[in-house]
Amino acid sequence: QVQLVESGGGLVQAGGSLRLSCAASGRTFSPYVMGWFRQVPGKEREFVAAISRSGGSTVYADSMKGRFTISRDNAKNAVYLQMNSLKPEDTAVYYCAAGLTPYKSRNSAEYDYWGQGTQVTVSS
């Protein structure tokens, strides 16, 4: 089992920044590909970004490229999402996820463990 706890969400004005953190506990963290997803009520969970086990490779949803940066610190069992130039449409609950998938999957079904989510609200 891997337990994931997100933090860092909140209310920010459009154009602002937030840094989300996800702390992992339980099993060894480094074998897991880590991802960030987001969800708005009434909509499907949406892929945001994923990072390889070593942290050397990342992938982003097109609408987040250039604005969001995913990173991880395996020594601290943590993954981060730096979000810049936030837009009202970025408002959602953001989830981190861990998976033993062999690649940086955009598919939420490939991830085995999920955090409880943190709310991000961007005001216009």
What is the minimum heavy-atom distance between Arg38 and Ser63, and which atoms define it?
NH2-OG, 4.3 Å

Do any N or O atoms from the side chain of Glu110 and from the backbone of Gly99 form a donor-acceptor pair under 3.5 angstrom?
no

Side-chain donor/acceptor of Glu6 to backbone N/O of Cys96, under 3.5 Å:
yes

Can the ring centroids of Tyr95 and Phe37 be said to lie less than 6.0 angstrom from one another?
no

From CD (Glu46) to OG (Ser108), nearest 0.5 Å:
11.5 Å

Given 3.5 Å as the limit, does a donor-acceptor pair link the side chain of Thr91 with the main chain of Thr121, or not?
no

Connecting only ILVMFWY residues whose side-chain heavy atoms lie within less than 4.5 Å of each other, what is the rest of Tyr80's hydrophobic cluster?
none

Under a 3.5 Å distance rule, please check whether Thr101 uses its side chain to pair with a backbone N or O of Tyr103 as donor and acceptor.
yes

Rounded to the nearest 0.5 angstrom, the SG-CZ distance for Cys22 and Arg72 is 10.0 Å

For Tyr94, what are the other residues in its hydrophobic cluster, where any two members join if their side-chain heavy atoms are less than 4.5 angstrom apart?
Val2, Leu4, Val12, Leu18, Leu20, Phe29, Tyr32, Met34, Trp36, Val48, Ile51, Tyr60, Met64, Phe68, Ile70, Val79, Leu81, Met83, Leu86, Leu100, Tyr113, Val120, Val122

When Ile, Leu, Val, Met, Phe, Trp and Tyr are grouped by side-chain heavy atoms lying under 4.5 Å apart, directly or through other members, which residues fall in the same group as Val40?
none

Closest heavy-atom pair and its distance - Val93, Gly117:
CG1-CA, 3.8 Å

Is the backbone of Arg53 close enough, under 3.5 Å, to the side chain of Asn74 for a donor and an acceptor to pair up by distance?
yes

To the closest 0.5 Å, what do you measure between OG (Ser85) and CZ (Arg67)?
7.0 Å

Tell me if a side-chain donor or acceptor on Tyr111 pairs with a main-chain N or O of Ser105 at a distance below 3.5 Å.
yes

Salt bridge present between Lys65 and Asp62 (N-O < 4.0 angstrom):
yes

Nearest heavy-atom neighbours spanning Val5 and Gln116
CA-OE1, 3.7 Å

List the steps and the verdict of side-chain hydrogen bond (donor to acceptor under 3.5 Å, both in side chains) for Ser57 and Lys104.
CA-CA 8 Å; Ser57 178; Lys104 305 178 298 296; 2.8 Å; yes

For the side chain of Arg45 and the backbone of Gln39, is there at least one donor-acceptor N/O pair under 3.5 Å apart?
no

Is there a donor-acceptor pair closer than 3.5 Å between any side-chain N or O of Gln82 and the backbone N or O of Arg19?
no

